[in-house]
> 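The structure under discussion is supplied below as structure tokens; questions concerning it will follow.
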Amino acid sequence: MDAASEGGSNRGGSRPQTNRSPATMAELQEVQITEEKPLLPGQTPEAAKEAELAARILLDQGQTHSVETPYGSVTFTVYGTPKPKRPAIFTYHDVGLNYKSCFQPLFQFGDMQEIIQNFVRVHVDAPGMEEGAPVFPLGYQYPSLDQLADMIPCILQYLNFSTIIGVGVGAGAYILSRYALNHPDTVEGLVLINIDPNAKGWMDWAAHKLTGLTSSIPEMILGHLFSQEELSGNSELIQKYRNIITHAPNLENIELYWNSYNNRRDLNFERGSEITLKCPVMLVVGDQAPHEDAVVECNSKLDPTQTSFLKMADSGGQPQLTQPGKLTEAFKYFLQGMGYMASSCMTRLSRSRTASLTSAASIDGNRSRSRTLSQSSESGTLSSGPPGHTMEVSC
């Protein structure tokens with residue numbers, strides 16, 4: 001039974017137990033023995049493993065729940081079963097998306113299956129973003145990003161989960177960071193894609209207002225999600241997501257989430273201060289992403305011994321959609337650095353044409369020393385390296 005069933009089901013009256021005959025017990029034992037021998041005649045161990053994985057994915061359709069919080073109801077979907085002494089992978093999506101449109105290409109990627117077999121996963125939909133969500137009534141006060149972060153303890157309490165590894169994109173990355181600042185003991189690690197930890201300044205506000213006079217809400221959100229080069233290219237991916245957002249039946253709700261994101265407070269990260277992320281962090285951004293400068297600045301404000309910065313070539317504004325393979329590989333390295341999945345096989349990054357790791361450590365507060373390691377496609381698997389490094393990958 002998975003976590004969702006355990007947390008969400010109430011059993012009614014049970015039938016009284018009866019003593020089973022020895023013959024019945026023998027039959028049950030025979031069934032159990034049969035189930036422990038899954039190989040069919042002539043089936044190889046490799047084929048059996050593939051069949052088992054396919055069956056597991058087919059059966060693991062996820063269980064969706066809603067829980068009431070001080071700031072309204074929030075919906076989330078749980079996949080898999082809790083693993084002893086392991087945190088849950090906990091995702092939060094960006095504006096204009098829900099958990100499926102934001103993360104499905106990543107978590108359905110073939111190489112990701114090794115990870116999802118080892119962790120229970122919780123995918124949160126921001127209020128009003130879940131599939132089939134009704135439109136909020138006129139005048140509804142949508143939660144701020146800080147309040148959305150304050151909903152997370154209610155989810156974890158409902159599921160009886162004690163720690164998480166957060167994976168967030170854009171607004172979701174901000175929300176998970178705010179939660180980690182408030183509840184550092186419950187966050188073992190964070191993967192933050194396209195995070196902008198800064199509040200909008202006056203110049204940003206002016207630009208936002210001017211853009212709003214000439215652009216629709218869907219086009220403004222698309223400009224937040226993707227680079228101008230991607231939008232101009234109008235690829236099949238861009239057409240798909242433009243259609244998803246433009247024709248969303250809950251577009252009014254999406255606009256409320258968008259407004260909350262644009263009214264976010266500054267996270268006030270400062271290297272060496274108490275206001276910082278105290279868990280291992282992997283910052284991710286595409287080399288053409290509209291948030292590249294913000295992520296680079298965020299990297300400069302976090303503890304270099306705890307932070308990895310992954311800049312992905314040719315991935316555009318949404319690397320989890322366009323480069324799920326490279327992001328999966330980096331995620332495995334990140335988990336290995338935290339002490340999980342030590343025997344995981346690494347292949348994709350080692351096949352990259354170029355890969356570099358740069359680690360920097362502060363000296364006397366002002367000077368820094370860096371080390372760069374490069375490997376070609378003929379090299380062996382990249383080592384996970386010391387904490388606090390920059391990895392640039394191109395394929």
> Under 3.5 Å, is there a donor-acceptor pair between the Tyr333 and Ser308 side chains?
no

> Verify whether one side chain among Asn263 and Ser260 offers a donor that lies under 3.5 Å from an acceptor in the other.
no

> Answer yes if the side chains of Thr64 and Thr77 hold a donor-acceptor pair under 3.5 Å, and no otherwise.
yes

> Indicate whether the side chain of Ser144 and that of Asp146 have a donor and an acceptor atom separated by less than 3.5 Å.
no

> Look up atom CE in Met112 and atom NZ in Lys332, then write down how far apart they are to the nearest 0.5 Å.
8.5 Å

> Do Tyr340 and Phe119 have their ring centres less than 6.0 Å from each other?
yes

> For Leu156 and Phe90, run side-chain contact (heavy atoms from CB on, under 4.5 Å): C-alpha distance rounded to whole Å, both residues' side-chain angles, the deciding distance at 0.1 Å, then the answer.
CA-CA 10 Å; Leu156 299 184; Phe90 191 100; 3.9 Å; yes

> If the threshold is 4.0 Å, N to carboxylate O, is there a salt bridge linking Lys100 and Glu131?
yes

> To the nearest 0.5 angstrom, please state how far the OG1 atom of Thr91 sits from the CD atom of Gln320.
10.5 Å

> Does any N or O in the side chain of Gln239 come within less than 3.5 Å of the main-chain N or O of Asn234, such that one atom is a donor and the other an acceptor?
yes

> Provide the closest heavy-atom pair for Leu327 versus Met312 in the form atom of the first, atom of the second, distance.
N-CE, 3.8 Å

> When you measure from the side chain of Asn253 to the backbone N and O of Gly128, does any donor-acceptor pair fall under 3.5 Å?
yes

> Give every donor-acceptor pair under 3.5 Å between a side-chain atom in residues 217-224 and any protein atom, sequence neighbours left out.
unit_1	atom_1	unit_2	atom_2	d
Glu219	OE2	Arg242	NE	3.2
His224	ND1	His291	NE2	3.4
His224	NE2	Asp94	OD1	3.0
His224	NE2	Asp94	OD2	2.9

> If we count only N and O atoms by modelled type, under 3.5 Å, do the side chains of Ser227 and Glu230 hold a donor and an acceptor together?
yes

> Assess the side chains of Glu297 and Asn198: does a donor N or O sit below 3.5 Å from an acceptor N or O?
yes

> Could you please spell out the steps behind the salt bridge (charged side-chain N to carboxylate O under 4.0 Å, His left out) verdict for Asp303 and Lys278?
CA-CA 8 Å; Asp303 182 354; Lys278 299 180 181 179; over 6 Å; no

> Is the His93 to Phe103 ring centre distance short of 6.0 Å?
no

> Please give me the minimum heavy-atom distance between Val281 and Leu302, naming the atom from each residue.
CG1-CD1, 4.3 Å

> Is a side-chain donor-acceptor pair under 3.5 Å present for His123 with Tyr79?
no

> What orientation do Tyr140 and Tyr142 show, parallel under 30°, tilted 30 to 60°, or perpendicular over 60°?
perpendicular

> Give a yes or no answer on whether the side chain of Gln318 reaches the backbone of Phe226 with a donor-acceptor pair at less than 3.5 Å.
no

> Quick check: closest heavy atoms across Leu335 and Ile115, and the distance to 0.1 Å?
CD1-CG2, 3.9 Å

> Might you point out which heavy atoms bring Tyr174 and Asp196 nearest each other, and give the distance in Å?
CD1-O, 3.8 Å

> Identify the heavy atoms of Pro324 and Phe109 that sit nearest to each other, and give their distance.
CG-CD1, 3.8 Å

> Can you see which heavy atom on Pro319 is nearest to which on Asn194, and at what distance?
CD-ND2, 4.4 Å

